[in-house]
Amino acid sequence: NGRPVRSQIRTTLVVKAEGVVRDIHDDTAKPRLIMFAGGAGNGKTDTLEVILGGICEPALLEEFKQEVRRRIVASGRKVVFKPSAEDARFFPASVRGYSQIAFVQDASESYEKSESASSMLAKDLEGLHVGTGSELLVLCVNRGVLYSAANEIKDRRLVDPILRAIDPVN
């Protein structure tokens with residue numbers, strides 16, 4: 001699962017993720033894209049688990065984790081929840097304002113023989129850009145796949161802020 005020591009290490013990234021969880025629950029600061037980018041072993045999956053655990057109803061955490069695993073097996077890539085509809089029981093009222101929450105644990109992998117990981121990621125990001133504004137996409141990705149996906153997206157208004165956030169030098 002990306003956690004070789006079997007327990008969570010409290011890193012700076014984990015602390016920042018806890019702040020993101022607070023933003024998700026805040027009516028005024030709701031993020032639409034949460035992206036963890038970097039190489040293998042830098043804590044992306046661990047941090048994604050902080051987000052998952054922080055947005056669900058605490059009493060349903062174990063059931064929610066099982067449902068996430070079940071949906072990963074069923075979809076192979078993207079796990080989608082509808083907090084304002086059929087999946088409402090998993091989420092507190094502060095999260096139900098999202099029409100959809102999608103998780104991609106490893107956007108660096110291609111789960112379709114006919115489509116590259118970067119192409120799938122480009123579609124995810126473009127879909128979020130043209131969505132209703134009430135979606136949340138949470139994903140982990142290798143920087144190389146992110147840069148390849150960025151080259152596939154024509155709308156620079158979408159791509160440039162993401163690249164600046166990931167690599168402020170660009």
Side-chain angles (χ1 to χ4, degrees), residues 1-38 40-109 111 117 120-121 123-142 145-146 149 158 161-162 165-166:
N1 73 355
R3 187 182 286 165
V5 294
R6 294 201 171 140
S7 63
Q8 188 175 70
I9 299 170
R10 193 148 173 79
T11 64
T12 304
L13 189 56
V14 167
V15 172
K16 286 182 180 183
E18 291 167 347
V20 170
V21 167
R22 285 189 294 277
D23 288 345
I24 290 170
H25 289 283
D26 183 351
D27 281 339
T28 60
K30 291 211 179 287
R32 295 202 48 225
L33 174 64
I34 302 168
M35 181 184 301
F36 303 108
N42 76 346
K44 296 183 300 290
T45 299
D46 203 40
T47 308
L48 176 64
E49 289 180 10
V50 170
I51 301 291
L52 287 170
I55 66 168
C56 77
E57 285 287 0
L60 296 175
L61 179 59
E62 288 309 312
E63 185 180 349
F64 181 62
K65 286 179 179 181
Q66 288 175 356
E67 183 63 16
V68 169
R69 285 186 209 101
R70 188 189 69 72
R71 291 185 190 194
I72 286 173
V73 169
S75 74
R77 182 178 179 273
K78 186 191 291 188
V79 175
V80 178
F81 286 90
K82 307 273 187 187
S84 59
E86 64 263 19
D87 297 314
R89 69 188 185 92
F90 286 119
F91 301 98
S94 58
V95 178
R96 291 186 197 145
Y98 286 108
S99 62
Q100 174 177 297
I101 300 176
F103 301 99
V104 182
Q105 192 238 339
D106 191 354
S108 301
E109 295 289 323
Y111 297 90
M120 294 169 83
L121 177 58
K123 286 180 182 176
D124 289 335
L125 295 173
E126 288 173 326
L128 185 65
H129 186 61
V130 298
T132 64
S134 63
E135 301 93 356
L136 172 62
L137 175 60
V138 184
L139 61 89
C140 300
V141 66
N142 177 287
V145 172
L146 173 60
L158 170 62
I162 293 170
I166 298 299

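Along the sequence shown, residues carry numbers from 1.
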Full working for side-chain hydrogen bond (donor to acceptor under 3.5 Å, both in side chains) between Thr45 and Gln105: CA-CA 7 Å; Thr45 299; Gln105 192 238 339; 3.0 Å; yes
[atom1]-[atom2] distance between [X] and [Y], expressed to the nearest 0.5 angstrom:
{"X": "Arg77", "Y": "Phe103", "atom1": "CZ", "atom2": "CZ", "answer": "14.0 Å"}
{"X": "Ile34", "Y": "Ile24", "atom1": "CD1", "atom2": "CD1", "answer": "3.5 Å"}
{"X": "Leu136", "Y": "Ile55", "atom1": "CG", "atom2": "CD1", "answer": "6.5 Å"}
{"X": "Asn142", "Y": "Glu109", "atom1": "CG", "atom2": "CD", "answer": "9.5 Å"}
{"X": "Leu61", "Y": "Gln66", "atom1": "CG", "atom2": "CD", "answer": "10.0 Å"}
{"X": "Ile72", "Y": "Glu67", "atom1": "CD1", "atom2": "CD", "answer": "10.5 Å"}

Taking all non-hydrogen atoms of both residues into account, name the closest pair between [X] and [Y] and its distance.
{"X": "Ser84", "Y": "Ser99", "result": "OG-CA, 3.6 Å"}
{"X": "Gly97", "Y": "Ser134", "result": "O-CB, 3.8 Å"}
{"X": "Cys140", "Y": "Lys44", "result": "SG-O, 3.5 Å"}
{"X": "Ile51", "Y": "Ala17", "result": "CD1-O, 3.7 Å"}
{"X": "Gly54", "Y": "Val21", "result": "O-CG1, 3.3 Å"}
{"X": "Ala37", "Y": "Ile166", "result": "CB-CD1, 3.8 Å"}

Residue pairs fulfilling side chain to side chain donor-acceptor pair (under 3.5 Å) with at least one residue in residues 55-64, sequence neighbours excluded: Glu63-Arg89
Can a salt bridge be assigned to the pair [X] and [Y] using a cut-off of 4.0 Å between side-chain N and carboxylate O?
{"X": "Glu126", "Y": "Lys123", "result": "no"}
{"X": "Asp124", "Y": "Lys78", "result": "yes"}
{"X": "Glu135", "Y": "Arg32", "result": "yes"}

Could you tell me whether the side chain of Arg71 and the main chain of Val80 form a donor-acceptor pair under 3.5 Å? yes
Please check if the side chain of Lys82 supplies one atom and the backbone of Asp87 the other of a donor-acceptor pair under 3.5 Å. no
How are the rings of Phe91 and Phe64 set to each other: parallel, tilted or perpendicular (split at 30° and 60°)?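 Perpendicular, since the angle between the ring planes exceeds 60°.
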For a 4.5 angstrom cut-off between non-hydrogen side-chain atoms, does Asp106 reach Leu139? no
Show, in sequence, the C-alpha distance, side-chain angles and deciding distance for Leu33 and Leu128, and conclude whether the side-chain contact (heavy atoms from CB on, under 4.5 Å) test is met. CA-CA 8 Å; Leu33 174 64; Leu128 185 65; 3.7 Å; yes
Decide if the gap between the ring center of Phe81 and the ring center of Tyr98 is smaller than 6.0 angstrom.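 Between Tyr98 and Phe81, which both carry aromatic rings, the centre distance is not below 6.0 Å.
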